[in-house]
**Student:** 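Sharing a structure below in structure tokens format, with a few things to ask.
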Number of protein chains: 4
Amino acid sequence: MGNETTRREELLIVAARLFSRKGYHATSMQDIADELNILRGSLYHYIESKEGLLYELMELGIQTLMERVRPIVESDLPPDEKLARLIRQHTITIASYPDFMAVFLHELKSLSPPRRERILAYRQEYDHLVRRILAEGVERGVFRPVDVRVVSFALLGMVNWVYQWYSPDGPLSAEEIGTVFANLVLQGLLDRDDT
Amino acid sequence: MGNETTRREELLIVAARLFSRKGYHATSMQDIADELNILRGSLYHYIESKEGLLYELMELGIQTLMERVRPIVESDLPPDEKLARLIRQHTITIASYPDFMAVFLHELKSLSPPRRERILAYRQEYDHLVRRILAEGVERGVFRPVDVRVVSFALLGMVNWVYQWYSPDGPLSAEEIGTVFANLVLQGLLDRDDT
Amino acid sequence: MGNETTRREELLIVAARLFSRKGYHATSMQDIADELNILRGSLYHYIESKEGLLYELMELGIQTLMERVRPIVESDLPPDEKLARLIRQHTITIASYPDFMAVFLHELKSLSPPRRERILAYRQEYDHLVRRILAEGVERGVFRPVDVRVVSFALLGMVNWVYQWYSPDGPLSAEEIGTVFANLVLQGLLDRDDT
Amino acid sequence: MGNETTRREELLIVAARLFSRKGYHATSMQDIADELNILRGSLYHYIESKEGLLYELMELGIQTLMERVRPIVESDLPPDEKLARLIRQHTITIASYPDFMAVFLHELKSLSPPRRERILAYRQEYDHLVRRILAEGVERGVFRPVDVRVVSFALLGMVNWVYQWYSPDGPLSAEEIGTVFANLVLQGLLDRDDT
DNA sequence: TATGAATGAGGGTTCATTCAT
DNA sequence: TATGAATGAACCCTCATTCAT
């Protein structure tokens, strides 16, 4: 264990922070080098190019998200419980790595087409995971017969927005926020038999 | 009336589109001038600086939103109806001016501090409008006793995200999407007396 | 008439001189800008890129050569007279524009493939002009039955090499040198009937 | 004997090839290291500096040429035979070591003044060998009374150009090409008594 | 011998902006 | 209004070389 951080990991963390705060194009390699107390040119021992660095951050972001959410989707839990857990887990992940997530969510346009395609593929894969739960719930009659596509976007907007306002010093923990979200959405979706 | 568009309005529209698609820093004055078929230097007859242009776009975005939403908040409608209308109206506005809205939502960090403060003030004002409705609803017992701050962020994330995926050619109109959103949220909030 | 030289022409001349003396890669845009007393960045008002500049110089070189030599080849003169004139004209051209010619002869490898191909095409066209004269002379029995390809290379090496040693202050003019060359080659080629 | 090639010799051969194909300045130490499958830094166990390496290649080139040509010049053969052999030998040498020869012929300008002087001295020494034969031939009345300087340059241009087009897979061997050259020049020079 | 992180300078290029015309 | 040449700073990146390991 231990908190050994390699120079390279440090670079990724610093870059994610700067890209997230100032934006990719507004962040210079100089800015990154300054934070690491090395020279501009020395960065290229660790990365191939600025855009390659961006890609790596975005890939890390989406992969982390997926690793945490996929087991939920593939479990045997009922759809409502799956959805609640997915919402909580997504919220927690965003709150845990807000810099990586902000970069992943905002800088797609800064990638050149080939790399952009690859990230887009991840993104679609993730979207499908979410929709699958919703579709399953509707099919089984657990959820109201909603427009799965629109609701999935509603849900993703809600949780992705978290990085914009979440603070670890705030009154609610990420898990608590996730629970509020889950309650809200489930209340809105459950097909109650209020005869 | 007629569709006269002054050169200046054209400039704003073109700039909004480019800033939204490529990002503020990735868009050059050259890019803008090219679309207008004039030369780089000639832009400065219409605007004071690139950053001034950005500010103007963002102000237009938030002001448009506010003009449309404020009357709803200040009306005498019951809280649930106010909320439904706000959600619909916000959704429609985003879908109507996606470029301006995307710029408003993403490029705050590209403004220098003084201008940033001014936009932030607008933003907070808008947030308060939303929270006021929620607080009112909870107070009157129309809504469940939810965390107003968190729910307002949930709601804003949901509607702001629309610019990311909305297409005028999609199966649902902006109004229909707004209605789906409103239903979802209201279902989630209403304090039903399901004795 | 008059000796008005536009800024752009000046740039080409200066670049040819520097590329020829120091080599393309060893010449920086700074070097060129210094000679013109402008800033590095200002060069890009006149050229598209350093490599584009190189291409333009090379194209100017080969086109100049071709314009001067083609009329000779296409004339109705007998082959030996054509060859003598070509050699003289080529020599004079090289001596008149040694910088452009040196760049043309040496920096092919500094061009990226697409541009390289275009220059190579010119080069082959020129080679064909030379070979056509030789072949014609051999066919008509004016020249000995030599290997046209090898002799054409011999001839081109001889005249191209001129830029390496020619000086306008030397004892012989470019035309005189061309005449020496022509005599040498013709003596070597003519099919004398020394029965 | 055997074909043991030390690491160092391998380095020289690889460097000559790269310098010849891409040019000295366009070739990075990285390029060389890559071909040898070692790291950039490790090159400095074998050489002192990039420029030192270039110098060594050029010296090898000119020395090889001189070693092969000097015995011919210093022999007791008649001038025309000497000249024929020199042309053949020079041609063969260029065709045998085209990379070294190309570097020697093109990269003089890439050397710093002190090293450049040394190579220039070799070059002049070689030029004198060639001129000595010509002068001798003219003096003895074997050759026509030509301008020795110009003819020597003609001859050198012809043979040096070989590296530009020679291919071991071509229809003629280097020796055959040398013979064509020698015939051409001698025919052009011999003082025939064509009464 | 070989490694690989680090240096420090310089490379070509782009940019927002100015200003005389 | 519009032009276009020029500015000056900053940009990303590459390079030859060093040196502790």
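Here is how names work: the chains are called A, B, and so on, in the same order as the sequence lines, proteins then strands, and each is numbered from 1. Side-chain atoms are counted along with the backbone in the values below, which use heavy atoms only and exclude waters and symmetry mates.
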**Student:** What residues form a side chain to side chain donor-acceptor pair (under 3.5 Å) with C:Ser42, not counting sequence neighbours?
**Tutor:** none
**Student:** Nearest heavy atom decides the nucleotide; on that basis, is B:Ile47 or D:Arg7 closer to the 5' end of DNA chain E?
**Tutor:** D:Arg7
**Student:** I need the NZ-P distance between C:Lys50 and E:dT13, as an integer number of Å.
**Tutor:** 8 Å
**Student:** Identify each donor-acceptor pair in which a side-chain atom of residues 10-20 of chain D lies under 3.5 Å from a protein atom, sequence neighbours left out, and give them as a table.
**Tutor:**
residue : atom : partner : partner atom : Å
D:Arg17 : NH2  : D:Glu35 : OE1          : 2.5
D:Ser20 : OG   : D:Asp99 : OD1          : 3.2

**Student:** Report the distance from atom OH of C:Tyr24 to atom NE2 of D:His25, rounding to the nearest 0.5 Å.
**Tutor:** 13.5 Å
**Student:** Give the nucleotide from the list E:dA5, E:dA2, F:dA6 with an atom nearest to the side chain of A:Tyr46.
**Tutor:** E:dA5
**Student:** Considering all heavy atoms of both residues, which atom of C:Ser49 and which atom of C:Tyr44 are nearest to each other, and what is their separation?
**Tutor:** CA-CE2, 4.0 Å
**Student:** Would you please classify the geometry between the C:His106 ring and the C:Tyr163 ring as parallel, tilted or perpendicular, with 30° and 60° separating the classes?
**Tutor:** perpendicular
**Student:** Quick check for you: to the nearest 0.5 Å, what is the distance between D:Glu107 atom CD and D:Leu57 atom CG?
**Tutor:** 10.0 Å
**Student:** Nucleotides 18-21 of chain F: which of its N/O atoms have a protein N/O under 3.5 Å away?
**Tutor:**
none

**Student:** Rounded off to whole Å, could you give me the CG-to-C1' distance for the D:Leu54 and F:dA16 pair?
**Tutor:** 14 Å
**Student:** Counting side-chain heavy atoms from C-beta on, which of F:dA2, E:dA2, E:dT13 comes nearest to C:Ser49?
**Tutor:** E:dT13
**Student:** Nearest whole angstrom, please: distance from the C1' of E:dG4 to the CZ of A:Arg8.
**Tutor:** 15 Å
**Student:** Below 4.0 angstrom, which residues in residues 21-39 of chain A have at least one non-hydrogen atom near DNA chain E?
**Tutor:** A:Ile38, A:Leu39
**Student:** What distance do C:Leu65 atom CG and C:Leu105 atom CG have between them, rounded to the nearest 0.5 Å?
**Tutor:** 8.5 Å
**Student:** Pick out which of D:Arg115, D:Lys50, D:Arg8 makes a salt bridge (Lys or Arg N to Asp or Glu O under 4.0 Å) with D:Glu56.
**Tutor:** D:Arg8
**Student:** Over how many whole Å does the gap from B:Leu43 atom CG to E:dC15 atom P extend?
**Tutor:** 13 Å
**Student:** Side chain of D:His45 only, please: which of F:dA2, F:dA6, E:dT1 is the nearest?
**Tutor:** E:dT1
**Student:** According to a 3.5 Å limit on both distances, what stems of 3 or more consecutive Watson-Crick or G-U pairs are formed with DNA chain F?
**Tutor:** E:2-21 with F:2-21
**Student:** What distance do B:Thr64 atom OG1 and B:Ile94 atom CD1 have between them, rounded to the nearest 0.5 Å?
**Tutor:** 11.5 Å
**Student:** Could you list the residues that satisfy side chain to side chain donor-acceptor pair (under 3.5 Å) with C:Glu59, not counting sequence neighbours?
**Tutor:** C:Tyr55, C:Tyr122
**Student:** Atom CZ in D:Arg123, atom CG in D:Leu108: separation rounded to 0.5 Å?
**Tutor:** 5.5 Å
**Student:** Say we look at E:dT1 and F:dT21: how far apart would their C1' atoms be, to the nearest angstrom?
**Tutor:** 13 Å
